[in-house]
Structures are given as C-alpha cells and as structure tokens.
Trainee: 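What follows is a structure written as structure tokens; I'll ask about it next.
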Amino acid sequence: MRIFTSLYGPLDAAPRARELRDAGVSGVATFEGQHDVFAPLTLAASVGGLDLMTNVAIAFPRNPIHLAHQANDHQLLSGGRFILGLGTQVRAQIEKRFGAQFDRPVARMTELIAALRAIFRAWETGGRLDFRGEFYRHTLMTPTFDPGPNPFGPPPVYVGALGPRLTRAAAQHADGLLVMPFGSGRFLRDVTMPAVRDGLRAGGREPGELAIIPEVIVSAGDTDEARERADDGTRRLLAFYGSTPAYRPVLAAHGWEDLQPELNALSKQGRWQEMGGLIDDEMMHTIAACGTPREVAAHIRDRVDGVADTVFLYQPAPIGLETLAAIVDELG
C-alpha cells in the first residue's frame, strides 16, 4: 500500500519531508491552512523519492492560469512527482474569507479542470489557446508567458470530494479522486463508490483511469498518555467537521445526523471546547483510525480494502516518527 501523509511548513518542510520519506511514506501533501499550500512543496521538491500533492489547493479563488503555472513549475522542480489536488471548500469560506464566487460549484470545478487541460495542451503542443467556457475564458498565450512542453508531462489533476455530485464529476473528468477524511467505511462503499461508478460510466472511462485516494484521520500514539492527547485533538477535529452542513450525510449514514445542527449551534456561539465532548467513542472510532499502530492499520485496511491501494493519513497533529513508521510497517 502506498501511503501519503501531511507535510506542515514551510520553515521545516525539507527536513520534515526527508524524515517522512525515511519513515516509509510514499508521498507528502499540504493543505490550505495557516500557510500557503504550495510553499512547503517547493522546498520538499528537493527531497527525492517522494510524491508531492496539494491536498487541497482551494480552486475558485485562483485563476486557471495561476494554477497551471504553479502546477507546471512544481512538476519541473520535483522531476515529475507532483499532483495538483483541488478542492471547492464551502460557500461561507469562499465568499466571506476569499471574497470569491461559489455559485454552481460542481459545474465550476468541471470547467476549471477543462481549462487547465486546455492550457497544458497549448503548452505541450504549441497550439493556440482557445478556451471559452461559462466561468473561464483563456484565448491568449504569447511566447513570453508560454513555458513550453514539460519534459515530465503535464501534472495530473485530482479533486477532493465528499458529496455524490462532485464525486461523480471528479470520476468523470479528473485524473484522481481525493476522498475527504471525514468519512467511514460505510459511507465510502455505500455513497462514494456508487457515485464513482456513475461518473466513470458517464465519461466512458475504465476504473484504472481514475486514481482513488481515501483519506483517513489518524489518532495514534506510543503510550496511553500520548493516545489520550491524540484522541482529545481528534474529537475536537471531528466536532469541527461535524458542525458543517456539508458533512451531515456522513453522520446520517450512521444515524447521527441530529448531532450536526447541535454542533453547528455551538460553533456559532464560539463554544468550541464543548463541541469535542459530544463526539463519543463509537463515533470517533468509526470516522477516525485510533489506537496503537496495529489498531490504526487494521482500521485503514478494513476501510479501503477493495477500493484503493493508496491512502492518505490525515494527522490532526504531527504523529511521532516512530509511531508513523510503525503504522507504515503494519500497512505494508
């Protein structure tokens, strides 16, 4: 099994990436948080033997030309080991934090993928750039701004998705699907994979044409005390995710949908500390892989068996290297 995990940064991105590689992981990924999503990967590109991925770069505030240049440069820097992972985020974040438009997110993401492909194709072939869509329009690419063919080929484009409509669109149009970490084995098999099959059929594609990377939240530690600290952080993370209406279908798959509006109300009151207390052990162990390295690996294998041979270990906080290496060994 190939294993991706989180890369925080950017200040220590290169040495941390080297440590993660030596612990046995196959790739590292960044997320759009307190730091830029590309900067740590720029530094980590110097570390050989690791795939690099944005997981995810928030798509709508960015223009396809910006994304294409960033992805193309990282493909060059890494020697062909870069994956451009894109995500929609949710309406409030896009409109209120980024000041961008969120309307019709599935159609917008689908068109953005097509725009990126048109830009990459123009660079690869030297042909005219002539993309005219509903949301994006690119009809000029003069030699000054054309990097030319990438010797490693255009970078693949993956899409992070949870709901069935975006999952179907990703399966139909993208190179890969990043299955969002707030999930479960039941949701993956009962909701995600039927949408994947629908999307592949709509696109006339074979299953092998789409990479699938399930993401799994990991709560682990070497000692009882370390695992207790990790579990506390995981409960807070699950409460944060669970407060968002977009994630209610995951809770509903297990009969827990009534918890979502309760968490949402607490979040609006700023009562963040109380929210984690509403995540009981059953819920935590269903959504997250918790415990010893062996228990974590068993959860992950059970969750992704028959679906994917690559998994992303989502760390609410950095896992100790010895514990991480032990999880990798167990999965191996």
Trainee: Pair M53, L178 - check side chain to side chain contact (heavy atoms under 4.5 Å, CB included), show working.
Mentor: CA-CA 11 Å; M53 177 169 65; L178 300 168; 3.8 Å; yes
Trainee: Students often mix this up, so state it plainly: with edges at 30° and 60°, are the rings of H74 and F38 parallel, tilted or perpendicular?
Mentor: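 Ring orientation of H74 relative to F38: tilted.
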Trainee: To the nearest 0.5 Å, tell me how far L162 CG sits from T192 OG1.
Mentor: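 It comes to 6.5 Å.
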Trainee: Using 0.5 Å steps for rounding, measure from the CG atom of L52 to the CZ atom of F4.
Mentor: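 Going from CG on L52 over to CZ on F4, the span is 8.0 Å.
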Trainee: Mark yes or no for whether T30, through its side chain, and V37, through its backbone, hold a donor-acceptor pair below 3.5 Å.
Mentor: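 Confirmed, T30 side chain pairs with V37 backbone.
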Trainee: Applying side-chain hydrogen bond (donor to acceptor under 3.5 Å, both in side chains), can you list everything that pairs with E32, at least two apart in sequence or on another chain?
Mentor: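 E32 satisfies side-chain hydrogen bond (donor to acceptor under 3.5 Å, both in side chains) with R62 only.
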Trainee: Would L177 and Y158 show up in the same hydrophobic cluster when neighbours are defined by side-chain heavy atoms closer than 4.5 Å?
Mentor: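 As far as the 4.5 Å side-chain criterion goes, Y158 and L177 are not connected within one cluster.
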Trainee: Among R271, M275, E274, K268, which one satisfies side chain to side chain contact (heavy atoms under 4.5 Å, CB included) with L263?
Mentor: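 Going through R271, M275, E274, K268 one by one, the side chain to side chain contact (heavy atoms under 4.5 Å, CB included) with L263 is satisfied by M275 alone.
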Trainee: Shared ILVMFWY cluster between L50 and F152, side chains joined below 4.5 angstrom?
Mentor: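 Not linked; separate clusters.
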Trainee: If you measure from the Lys or Arg side-chain nitrogens to the Asp or Glu carboxylate oxygens, is any gap between R121 and E124 under 4.0 Å?
Mentor: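 Looking at R121 and E124, the cut-off is not met.
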Trainee: Can you name the closest pair of heavy atoms from V296 and C290 and give their distance?
Mentor: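 Closest pair (atom of V296, atom of C290, distance): CG2-C, 3.8 Å.
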Trainee: Do P105 and L166 have side chains that get closer than 4.5 Å, going by heavy atoms?
Mentor: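 No, side chains not in contact.
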Trainee: So, for T139 and F131, which heavy atoms are closest and what is the spacing to 0.1 Å?
Mentor: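 The answer is CG2-O, 4.1 Å.
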Trainee: Using a 3.5 Å distance criterion without hydrogens, assess whether the side chain of R16 forms a donor-acceptor pair with backbone atoms of L7.
Mentor: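 No, the answer is negative, given that no donor and acceptor are paired below the 3.5 Å cut-off.
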Trainee: To the closest 0.5 Å, what do you measure between CG (L43) and CG (L11)?
Mentor: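 It comes to 9.0 Å.
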Trainee: Step through the shown structure and confirm whether more than 12 heavy atoms of other residues, nucleotides or ligands are within 6.0 Å of CZ on R205.
Mentor: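 Count over threshold, so yes.
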Trainee: For E330 and R294, indicate whether the former's side chain and the latter's backbone hold a donor-acceptor pair under 3.5 Å.
Mentor: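 No: the side chain of E330 does not pair with the backbone of R294.
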Trainee: Hey, is R227 close enough to D224 for a salt bridge, meaning N to O under 4.0 Å?
Mentor: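 D224 and R227: salt-bridged.
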Trainee: Does Q269, at its CD atom, have more than 12 non-hydrogen atoms belonging to other residues, nucleotides or ligands within less than 6.0 Å?
Mentor: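 Atom CD in Q269 is packed in, count exceeds 12.
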Trainee: We want to know whether T286 and H254 form a side-chain donor-acceptor pair, criterion being a heavy-atom distance below 3.5 angstrom.
Mentor: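 No.
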Trainee: Go through the steps to decide whether I3 and I327 satisfy the test side chain to side chain contact (heavy atoms under 4.5 Å, CB included), and finish with yes or no.
Mentor: CA-CA 10 Å; I3 299 165; I327 294 171; 5.9 Å; no
Trainee: Using 0.5 Å steps for rounding, measure from the CG atom of L116 to the CG atom of D175.
Mentor: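 Atom-to-atom, L116:CG and D175:CG are 10.5 Å apart.
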Trainee: N55 side chain to F31 main-chain N or O, any donor-acceptor pair under 3.5 Å?
Mentor: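 Absent.
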Trainee: So, does T310 use its side chain to make a donor-acceptor pair with the main chain of I213 at under 3.5 Å?
Mentor: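 Flag not set: sc T310 to bb I213 has no pair under 3.5 Å.
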Trainee: Classify the ring geometry of F182 against Y241: parallel below 30°, tilted from 30° to 60°, perpendicular beyond 60°.
Mentor: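 Aromatic pair F182/Y241 classed tilted.
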Trainee: Please determine whether side chain to side chain contact (heavy atoms under 4.5 Å, CB included) holds for the pair R197 and M193, giving the CA-CA distance in whole Å, both sets of side-chain angles, and the decisive distance to 0.1 Å.
Mentor: CA-CA 6 Å; R197 290 189 286 270; M193 292 312 298; 3.7 Å; yes
Trainee: Could E257 and R248 be called an ion pair, given the rule that one side-chain N must be under 4.0 Å from one carboxylate O?
Mentor: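 Looking at E257 and R248, the cut-off is not met.
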Trainee: Do other residues, nucleotides or ligands put more than 12 heavy atoms under 6.0 Å from F145 CZ?
Mentor: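 No, not enclosed.
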Trainee: Looking at every heavy atom in both V90 and A246, which two are closest together, and how far apart are they?
Mentor: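 Shortest heavy-atom contact: CG1-CB, 4.3 Å.
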Trainee: Please name all residues satisfying side-chain hydrogen bond (donor to acceptor under 3.5 Å, both in side chains) with Q93, sequence neighbours left out, ordered by chain then number.
Mentor: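 In terms of side-chain hydrogen bond (donor to acceptor under 3.5 Å, both in side chains), with neighbours along the sequence ignored, Q93 is linked to R97.
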Trainee: Decide if atom CZ of R165 counts as having more than 12 heavy atoms of other residues, nucleotides or ligands within a radius under 6.0 Å.
Mentor: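 For R165, atom CZ is not crowded (no more than 12 foreign heavy atoms under 6.0 Å).
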Trainee: Can any side-chain N or O of R128 pair as donor or acceptor with the backbone N or O of M141 at less than 3.5 Å?
Mentor: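 Between the backbone of M141 and the side chain of R128 there is no qualifying donor-acceptor contact (under 3.5 Å).
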Trainee: Decide yes or no for R189 and D305: does some side-chain heavy atom of the first lie under 4.5 Å from some side-chain heavy atom of the second?
Mentor: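 Result yes, sub-4.5 Å side-chain heavy-atom pair found.
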Trainee: Which is it for R301 and L331 under the side chain to side chain contact (heavy atoms under 4.5 Å, CB included) test, yes or no, and what are the steps along the way?
Mentor: CA-CA 7 Å; R301 282 196 301 269; L331 286 170; 4.0 Å; yes
Trainee: Got a sec: does the CZ of F102 have more than 12 other heavy atoms crowding it under 6.0 Å?
Mentor: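 Check passes, neighbour count above 12.
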Trainee: Would a hydrophobic clustering, with Ile, Leu, Val, Met, Phe, Trp and Tyr connected at side-chain separations under 4.5 Å, put V47 with L321?
Mentor: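 Per the 4.5 Å side-chain linkage, V47 and L321 are co-clustered.
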Trainee: Write down the atom of A71, the atom of L84, and the distance for their closest heavy-atom approach.
Mentor: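 Shortest heavy-atom contact: CB-CD2, 4.0 Å.
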Trainee: Any chain of hydrophobic side-chain contacts (each under 4.5 Å) joining M284 to I217?
Mentor: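 Yes, one cluster joins them.
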Trainee: Check whether any side-chain N or O of H173 sits under 3.5 Å from a backbone N or O of T110 as a donor-acceptor pair, and report yes or no.
Mentor: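 Side chain of H173 to backbone of T110, a donor-acceptor pair under 3.5 Å: no, none is there.
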Trainee: Is it true that a side-chain atom of E111 and a backbone atom of E134 form a donor plus acceptor pair closer than 3.5 Å?
Mentor: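 Between the backbone of E134 and the side chain of E111 there is a qualifying donor-acceptor contact (under 3.5 Å).
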Trainee: Shortest non-hydrogen contact from A174 to L210?
Mentor: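 Heavy atoms of A174 and L210 come nearest at O-CD1, 3.7 Å.
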Trainee: Is the closest side-chain heavy-atom distance between S267 and W272 below 4.5 Å?
Mentor: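 A side-chain contact under 4.5 Å exists here.
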Trainee: Could you measure the distance from the OG1 atom of T88 to the CD1 atom of I58? Nearest 0.5 Å is fine.
Mentor: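 If we round to the nearest 0.5 Å, T88:OG1 and I58:CD1 are 7.5 Å apart.
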Trainee: Just wondering, do D146 and L129 contact through their side chains at under 4.5 Å, heavy atoms?
Mentor: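 Side chain of L129 against side chain of D146, heavy atoms only: no contact under 4.5 Å found.
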Trainee: Do S184 side-chain atoms and F187 backbone N/O form a donor-acceptor pair below 3.5 Å?
Mentor: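 Yes, the answer is positive, given that a donor and an acceptor are paired below the 3.5 Å cut-off.
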Trainee: Do T54 side-chain atoms and G85 backbone N/O form a donor-acceptor pair below 3.5 Å?
Mentor: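 Judged by distance alone, yes, a pair lies under 3.5 Å.
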Trainee: Are the charged groups of D281 and R235 less than 4.0 angstrom apart, N to O?
Mentor: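 Result for this pair is yes, salt bridge flagged.
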Trainee: D51 versus S26: any side-chain heavy-atom pair under 4.5 Å?
Mentor: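 Of all side-chain heavy-atom pairs linking S26 with D51, none is under 4.5 Å.
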Trainee: Looking at every heavy atom in both N72 and P155, which two are closest together, and how far apart are they?
Mentor: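 In this case the closest contact between N72 and P155 is N-CG, 4.3 Å.
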Trainee: Applying the 4.5 Å side-chain criterion to the ILVMFWY set and letting contacts propagate, would V307 and V159 be lumped into a single cluster?
Mentor: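 No, no single cluster joins them.
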Trainee: State the CZ-CD1 distance between R108 and I113, to the nearest 0.5 angstrom.
Mentor: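 If we round to the nearest 0.5 Å, R108:CZ and I113:CD1 are 13.5 Å apart.
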Trainee: With the side chain counted from C-beta on, respond yes when P245 and N264 share a heavy-atom pair under 4.5 Å apart, and no when they do not.
Mentor: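 They are in side-chain contact.
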Trainee: Tell me which one of T167, V179, L188 satisfies side chain to side chain contact (heavy atoms under 4.5 Å, CB included) with V196.
Mentor: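 Only match with V196 under side chain to side chain contact (heavy atoms under 4.5 Å, CB included): T167.
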Trainee: Which is it for R229 and D232 under the salt bridge (charged side-chain N to carboxylate O under 4.0 Å, His left out) test, yes or no, and what are the steps along the way?
Mentor: CA-CA 5 Å; R229 286 198 304 270; D232 286 343; over 6 Å; no
Trainee: If you define the side chain from C-beta out and look only at heavy atoms, does anything of P64 sit under 4.5 Å from I119?
Mentor: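 P64 reaches I119 side chain to side chain.
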Trainee: Side chains of T292 and T323: closer than 4.5 Å at any heavy-atom pair?
Mentor: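 No, too far: nothing below the 4.5 Å cut-off.
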